[in-house]
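First up is the structure itself, then whatever we jot down about it.
The sequence lines fix the lettering, A, B, ..., with proteins before strands; numbering per chain opens at 1. In what follows, every heavy atom counts, from backbone to side chain, and hydrogens, waters and symmetry copies are set aside.
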Amino acid sequence: MPEKPYDHNQIELKWHERWQNADFYKAEENSTKPKFYVLEMLPYPSGTLHIGHIRNYSIGDALARYKWMRGFNVLHPMGWDAFGLPAENAAIANQRPPREWTQQNIASMKKTHRRFAFSYDWDREVSTCEPEYYRWNQWFFLKMFERGLAYRKKALVNWCPKCVTVLANEQVVEGCCWRHEDTPVEQRALEQWFLKITDYADQLLDDMRQLEGGWPDRVLTMQRNWIGRSEGTEADFALEGSKTPIRVFTTRVDTIFGATCLILAPEHPLNETLLDANGQARAKAMVDARAGRDPGDIEKEGFFTGRYAVNPYSGEKVPVWVGNFVLMGYGTGAIMAVPAHDERDFEFCTKYGITIRPVIRPVDGPLDTNPKQAFGEYGIVENSGRWSGLASEEARRQMNDYAEEKGFGKAAITYRLKDWGISRQRYWGTPIPMIHCPKCGVVPVPEDQLPVVLPDRVEITGAGRSPLENVPEFVNVKCPKCGEPAKRETDTMDTFMDSSWYFYRYCDAHNDRMPFDPAKVAYWFEIDQYIGGVEHAILHLIYSRFFTKMMRDIGLITNSEPARRLFTQGMVIAEGAKMSKSKGNVVGADMLAEKYGADTARMFVLFAAPPEKEVDWRWEGADGIYRFLGRVYRFVTRNIGRADFPPPGDADRKVIRKLHQTLKKITEDFETRWHFNTCISSVMELVNMLYAEEKGISAEPMCEILEKLALVLAPFAPYVAQEIWEELGNQGPVFRHPWPSFDPELAKEDLAEVVVQVNGKLRGRIHVPFGTPKEELEALAQADDKVKPFLEGKQIVKIITVPDKLVNIVVK
RNA sequence: GCGGAUGUGGCGAAAUUGGCAGACGCGCUGGAUUUAGGUUCCAGUUCCCGCAAGGGAGUGUAGGUUCAAGUCCUAUCAUCCGCACCA
């Protein structure tokens, strides 16, 4: 057959059309339990759908297709993000009717991903935007409410005055709105719903031990920091002239005799009674000044309240101050300042001339009167009454006991992790199924009335309150308890709620009685492999771990962790920045596909770097991939049905060996590391050799090679692979054919190449049969012409020999 | 400041268990095909000296362990990421 030019357009269109309605996307029934892989949809900041597709699908596809060939049945559903609205895009969130938008989106996603991707099981698809999904979000919310895990309180929220909306924590970038980088976020007090994730803080921390090895260390560390457990002591300082004491939290109670003042956070509730109008104004100014600033840039300042408090251990009277560096959100919002042993306290107290009193000395030295040396260090406690002379750790223990005994404090643990605020003042999202009744208070919507569905037409006011408030037929309801007129909750849920359990729903997507059948989930879970972007390391991945534990506690599931293994993909960056639509630096993988075709586009992205690494997007290298696919295609077409094959010869052995070496390499890389870049490069090596040896390859090996080439290429370049598969006279999809196995015997070289070093430097190489004995190797090495000159006139001290690999001669 | 990672050619990168540094690709150089350009094919391409054979240096920097270090240890610098007056 004459050589055909590689026309990617023609090939891709042809198969694109044929695959439109093919049923081989469906998972095959399998007698053994398949692996459960979940591929999170968008590993990149939302808005980067373009690039998200190609990179994520590539990895997902390549894996899924490969696993399929190996006889696995991979559950590979669409992730929630695919249908979910970009949560941060308030404009769209408030304008589009969700249902239509969703359906439109599904349609377009189906189209796009047919082009780029392959193996989705549409039966299991779930849209988090569908009322059916609201229902189970709401169901979970009610279960948590019953258990006291969902509660309502007034809380400060981030507020962007330009967007006129509430922002989630993750949408606040360096104190400013993520869309208006010059606009500091304000704090507003609103009634909000919270989930008590803090109840699970210790479990979330402890269970990480199960995840070690399966999850990247980086993610585990980030989670550990985010939860931020610290052990310490809470102690009450009696406030003079008041019955309410001031409670402080410290991790270093052993330094408490060095506490020379108390400092309250400017937002501390006690300030309302403690301060005069002037003082309150100053405190408020501090809070405002802090908004939108990098904490490191703010100079510490504060003022004396005029009041004193009593150190419960020493009985010493210390002044009470207000300080701008004390955070209300951590510990108790009040600290004892120990300027001798804490850098921040030192800075503050030096500025205002407050006494500095060292109380910790090094184990092997005297008390250091220059306090700067001792910040944060442990040692021996001094000048501390009955505790003097104890080691820090022991002092802490005894002082904790003492506090408890005397009733003024106790050992305490605080967390950086805060309860999860899920209220959003948005149209978009799952309505929170609660009703506010003037008589009965907050009443849950009865389970049989779920789902509470969003109204279709909503006018956007931009007033910064939920647009749902303006829809009377939604808001005005009868109280389920007393039947009197009441108001519906108008906040909707954070979309992270959806993402926290979507993969459970995949196991039983059409269940209309429960979120899912526990038996089905028990069959699939835990997830064998979860794949997603790093940026979800703390939020999504902590929330979904929390959900899993909550679901276990309400008896739905038995596993404590959602996923055994986690793989975090690197991000695609452009010119050093994360790609995002708002930055306008999304470079089109579409354009790449337009010019070279989807096969080249996908393969190029896979070839650029291993998947866990972030990759700077530039398309200079794409030519090489396109050339390569052309080389393959032309090679195959001109060798199909050729009449003039030579008789079997040396070349056959050579290329068959290379073929099996390639198969071995790809199979191993695929199975363990997912380093597709090295897989691809080894196929390239094979093809390079095929070009060099083409004339000498006889008919039979050529047949084998062409077929294996199609199979090996299929995960990376499905269209060309399929086309070749058909040209070779095969029927049906190449993906249904089992993955080719390799023969280790055929992959073996005839002779071992043994490297000869003199003093660790490469001087020669000898070729010997495998298993040549040590003595013989050493003799051959010394006799080698290239090696000899380096041995002349020298004395051989030692020879190290690694059989079949290396001889190192040490000379003097 | 704390925590985590990463540093290898002009570029993306490879080297999986301490054993040939730079596979594969881009780019570049030369050659063949071509009226020419493009395409395709072949060869070369870490740096320095050399026409060449060959030799020397070389994985951010400085030490160390080892017959042998990109890989292990110590220190240090740079970059990136995460958290950040967290008491």
Base, sugar-phosphate or nothing for A:Arg229? Non-hydrogen atoms, less than 4.0 Å.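 Answer is nothing: A:Arg229 stays at 4.0 Å or more from every strand.
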Assign A:Glu347 to base, sugar-phosphate, or nothing according to its heavy-atom contacts below 4.0 angstrom with the strands shown.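 No contact.
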5' to 3', nucleotides 38-48 of chain B under a 4.0 Å protein heavy-atom cut-off (B base, S sugar-phosphate only, - none) gives --SSS------
Partners meeting ring pair (Phe, Tyr, Trp, His ring centres under 6.0 Å) with A:Trp420 (sequence neighbours left out):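 Testing A:Trp420 for ring pair (Phe, Tyr, Trp, His ring centres under 6.0 Å), a comparison that skips the adjacent residues, returns A:Tyr543.
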What residues, two or more places apart in sequence or in another chain, satisfy ring pair (Phe, Tyr, Trp, His ring centres under 6.0 Å) together with A:Tyr626?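 A:Tyr626 satisfies ring pair (Phe, Tyr, Trp, His ring centres under 6.0 Å) with A:Tyr6, A:His8, A:Tyr596 once adjacent residues are dropped.
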Tell me the closest heavy-atom pair linking A:Arg282 and A:Gly302, and the distance in Å.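 Looking at all heavy atoms of both residues, the closest pair is NH2-O, 4.2 Å.
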Of the nucleotides [options], which one has an atom closest to the side chain of [X]?
X: A:Arg344; options: B:rG56, B:rA13, B:rC85; value: B:rC85
X: A:Lys761; options: B:rG19, B:rA87, B:rA57; value: B:rA57
X: A:Thr678; options: B:rA87, B:rC83, B:rA15; value: B:rA15

Say we look at B:rG63 and B:rG70: how far apart would their P atoms be, to the nearest angstrom?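 My reading of the P atoms in B:rG63 and B:rG70 gives 15 Å.
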Is the distance from the ring center of A:Tyr313 to that of A:Phe408 below 6.0 Å?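 When the ring centroids of A:Tyr313 and A:Phe408 are compared, they turn out to be within the sub-6.0 Å range.
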For A:Glu775, all residues meeting side chain to side chain contact (heavy atoms under 4.5 Å, CB included), sequence neighbours excluded: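 With sequence neighbours excluded, A:Glu775 shows a side chain to side chain contact (heavy atoms under 4.5 Å, CB included) to A:Pro773, given in chain and number order.
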Pairwise N/O distances under 3.5 Å, protein to nucleotides 4-12 of chain B:
| from | atom 1 | to | atom 2 | distance (Å) |
| --- | --- | --- | --- | --- |
| B:rG12 | O2' | A:Ala608 | O | 2.9 |

What pairs of nitrogen or oxygen atoms, one from the protein and one from nucleotides 65-69 of chain B, lie under 3.5 Å apart?
| from | atom 1 | to | atom 2 | distance (Å) |
| --- | --- | --- | --- | --- |
| B:rC67 | OP1 | A:Lys798 | NZ | 3.2 |
| B:rC67 | O2' | A:Asn808 | ND2 | 3.3 |
| B:rC67 | O2 | A:Asn808 | ND2 | 2.6 |

Under 4.0 angstrom between A:Arg673 side-chain N/O and B:rA15 OP1 or OP2: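 Answer yes for this pair, as a side-chain N or O of A:Arg673 is under 4.0 Å from OP1 or OP2.
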